[in-house]
Protein chains: 2
Amino acid sequence: MTSTRTAGDGSDDGVPPLHPEQLQTYFALLEAVSLLQHHVEQQLRTEGGISYVQFQLLANLARSETPLTMTQLADGVVYSRSGLTYQAGLLEKAGLITRSSSPGDERATLVALTDAGAALFRRILPGHIEVSRLLLFNPLSDDDVRHLGDIMTRVRDHMRALPPRSAAPRKRRPRSTPDTPAQAD
Amino acid sequence: MTSTRTAGDGSDDGVPPLHPEQLQTYFALLEAVSLLQHHVEQQLRTEGGISYVQFQLLANLARSETPLTMTQLADGVVYSRSGLTYQAGLLEKAGLITRSSSPGDERATLVALTDAGAALFRRILPGHIEVSRLLLFNPLSDDDVRHLGDIMTRVRDHMRALPPRSAAPRKRRPRSTPDTPAQAD
DNA sequence: TATTGTTATACTCTATAACTATA
DNA sequence: TATAGTTATAGAGTATAACAATA
């Protein structure tokens with residue numbers, strides 16, 4: 001307690017506090033997204049019997065249309081490889097994806113959508129879109145959407161480009177290939 | 001609007017598709033927040049040994065300074081009462097909060113921060129703020145922050161006003177639609 | 001040796017339903 | 001009866017570490 005500042009909000013660490021505007025923005029952002037995620041989860045569970053993580057995996061596969069390796073598939077969705085194996089196991093058991101070993105690199109596993117997986121994705125996408133429109137986009141103007149997209153794209157790219165955490169001990173490597181920049185969408 | 005067969009993005013349901021700009025916004029938002037949450041969780045766990053949910057509960061109590069009932073405390077943080085009881089149990093066992101029955105209404109439980117809880121909150125808040133600044137605010141201009149705060153406040157209030165969350169009707173059947181994909185109703 | 005992925009395991013968290021007790 | 005909260009329990013999800021196979 002050597003601060004001579006009149007911080008009053010716990011910042012006694014040489015860390016300048018966030019402005020009230022930033023704090024309000026921060027909490028509004030996290031709470032709004034939390035509510036959004038919760039509703040989206042419910043819609044996906046009810047209509048498709050899958051979780052949001054699983055939906056994201058299906059979406060990644062649907063977007064690519066060529067099989068992806070597990071490592072590629074993990075991108076931005078899952079933070080541990082065993083977690084992805086677990087989810088892929090569920091999706092495979094449900095008949096939504098197939099896993100096969102890559103001819104090029106025998107270590108890799110190629111993941112592809114089955115017809116059922118593609119059909120499920122197409123079936124639940126409209127409801128998914130409707131929920132996000134109802135909850136997220138309805139109260140926003142076109143300009144809001146543009147600005148929000150611009151902001152969050154920058155923030156996301158900023159976070160993706162961040163150096164690995166300095167606090168990370170030597171053996172830490174949870175994310176996929178930190179040196180490899182994100183591939184084109 | 002009966003099938004036009006030219007949708008190409010799965011919207012064959014009478015649901016107008018989101019504009020590409022909206023889709024991009026939507027995915028950027030969710031991914032950015034997911035990354036942010038992950039980093040924040042790590043900071044809180046490392047520096048304070050608590051989860052983000054627990055941090056939010058402590059923050060709510062710190063902001064109010066008068067004890068809150070469990071119901072008040074749940075606001076926006078937790079989606080089931082048993083979940084809050086679980087988290088409150090953890091926080092109480094850790095000596096960070098106290099629970100006592102309310103003198104005014106014997107059914108209610110009053111939750112208050114202990115000195116240790118308040119101290120922990122003050123101790124980890126700077127690091128929390130630093131992480132959010134580094135990840136979220138650094139790539140943003142003041143105008144971005146203002147606009148983002150305005151947008152997310154509106155979105156949050158919109159969602160809060162929409163469905164009575166805790167009004168889970170009894171007719172709600174278990175949401176597992178085993179392996180048979182749900183049929184659209 | 002490094003990389004890709006899987007397995008085994010332990011743990012955290014959430015939600016539903018049944019329960020107690022107060023109003 | 002309705003409300004506030006707890007308990008019991010079951011299930012989903014995650015992360016770490018040890019492992020096998022390939023590069």
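Naming convention: chains lettered A, B, ... in sequence-line order (proteins, then strands); numbering from 1 in each chain.
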Participant: Just by distance, no angles: are the side chains of A:Ser51 and A:Glu41 close enough, under 3.5 Å, to form a donor-acceptor pair?
Facilitator: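 No, A:Glu41 and A:Ser51 have no side-chain donor paired with an acceptor closer than 3.5 Å.
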Participant: Tell me: CZ of A:Arg81 to C1' of C:dA2, nearest whole Å?
Facilitator: 11 Å
Participant: Any side-chain N or O of A:Arg99 below 4.0 angstrom from OP1/OP2 of C:dT6?
Facilitator: yes
Participant: Applying side-chain contact (heavy atoms from CB on, under 4.5 Å), can you list everything that pairs with B:Thr71, at least two apart in sequence or on another chain?
Facilitator: B:Thr69
Participant: For B:Gln72 and D:dT3, what is the distance between atoms CD and C1' respectively, to the nearest whole Å?
Facilitator: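 Value for this atom pair: 14 Å.
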Participant: Check salt bridge (charged side-chain N to carboxylate O under 4.0 Å, His left out) between A:Glu31 and all other residues, then give those that pass, not counting sequence neighbours.
Facilitator: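 Residues passing salt bridge (charged side-chain N to carboxylate O under 4.0 Å, His left out) with A:Glu31: B:Arg156, B:Arg160.
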Participant: Quick one: list whatever passes side-chain hydrogen bond (donor to acceptor under 3.5 Å, both in side chains) with B:Gln87, sequence neighbours left out.
Facilitator: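 Expected list: B:Gln54.
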Participant: Could you list all N or O pairs between the protein and nucleotides 9-14 of chain C that sit under 3.5 Å apart?
Facilitator:
residue, atom, partner, partner atom, Å
C:dC13, OP1, B:Arg45, NH2, 3.1
C:dT14, OP2, B:Gln87, NE2, 3.2

Participant: Provide, to the nearest angstrom, the distance between the CD atom belonging to A:Gln42 and the P atom belonging to D:dA12.
Facilitator: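 So the two atoms are 16 Å apart, to the nearest Å.
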Participant: Other hydrophobic cluster members with A:Tyr86, side-chain heavy atoms of Ile/Leu/Val/Met/Phe/Trp/Tyr under 4.5 Å, chained?
Facilitator: A:Leu90
Participant: How would you list, by chain and number, every residue that makes a ring-ring contact (aromatic ring centres under 6.0 Å, His included) with B:Phe55, sequence neighbours excluded?
Facilitator: B:Phe121, B:His128
Participant: Scan A:Val78, A:Val111, A:Leu110 and name whichever one has a side chain to side chain contact (heavy atoms under 4.5 Å, CB included) with A:Met70.
Facilitator: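 Among A:Val78, A:Val111, A:Leu110, the one that satisfies the side chain to side chain contact (heavy atoms under 4.5 Å, CB included) with A:Met70 is A:Val111.
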Participant: Return the value, rounded to whole Å, for the distance between atom CG of A:Leu84 and atom P of D:dT16.
Facilitator: 15 Å
Participant: Atom CE of A:Met70 to atom P of D:dT22: distance rounded to whole Å?
Facilitator: 17 Å
Participant: Taking only nitrogen or oxygen atoms into account, show me every contact under 3.5 Å that the protein makes with nucleotides 20-23 of chain C, one pair per line with its distance.
Facilitator:
residue, atom, partner, partner atom, Å
C:dA23, OP1, B:Glu106, N, 3.0

Participant: With sequence neighbours left out, write down each residue that passes salt bridge (charged side-chain N to carboxylate O under 4.0 Å, His left out) with A:Asp105, or none if nothing qualifies.
Facilitator: A:Arg107
Participant: How many Å lie between NZ on B:Lys93 and C1' on D:dT6, as a whole number?
Facilitator: 15 Å
Participant: Looking at residues at least two apart in the chain, or sitting in another chain, which of them share a salt bridge (charged side-chain N to carboxylate O under 4.0 Å, His left out) with A:Glu92?
Facilitator: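 Applying salt bridge (charged side-chain N to carboxylate O under 4.0 Å, His left out) to A:Glu92 gives A:Arg99.
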Participant: Mind checking side-chain contact (heavy atoms from CB on, under 4.5 Å) for A:Leu134 and listing every partner two or more places apart, or none if nothing turns up?
Facilitator: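 Only A:Asn138, B:Leu162 meet the side-chain contact (heavy atoms from CB on, under 4.5 Å) criterion with A:Leu134.
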Participant: Taking five pairs at each end of the helix from C:dT1-D:dA23 to C:dA23-D:dT1, what angle separates the two helix axes (nearest 10°)?
Facilitator: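 Comparing the first five pairs with the last five, the axes sit 0° apart.
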Participant: Can you name the side-chain contact (heavy atoms from CB on, under 4.5 Å) partners of B:Asp143, sequence neighbours left out?
Facilitator: A:His147, B:Ser141, B:Arg146
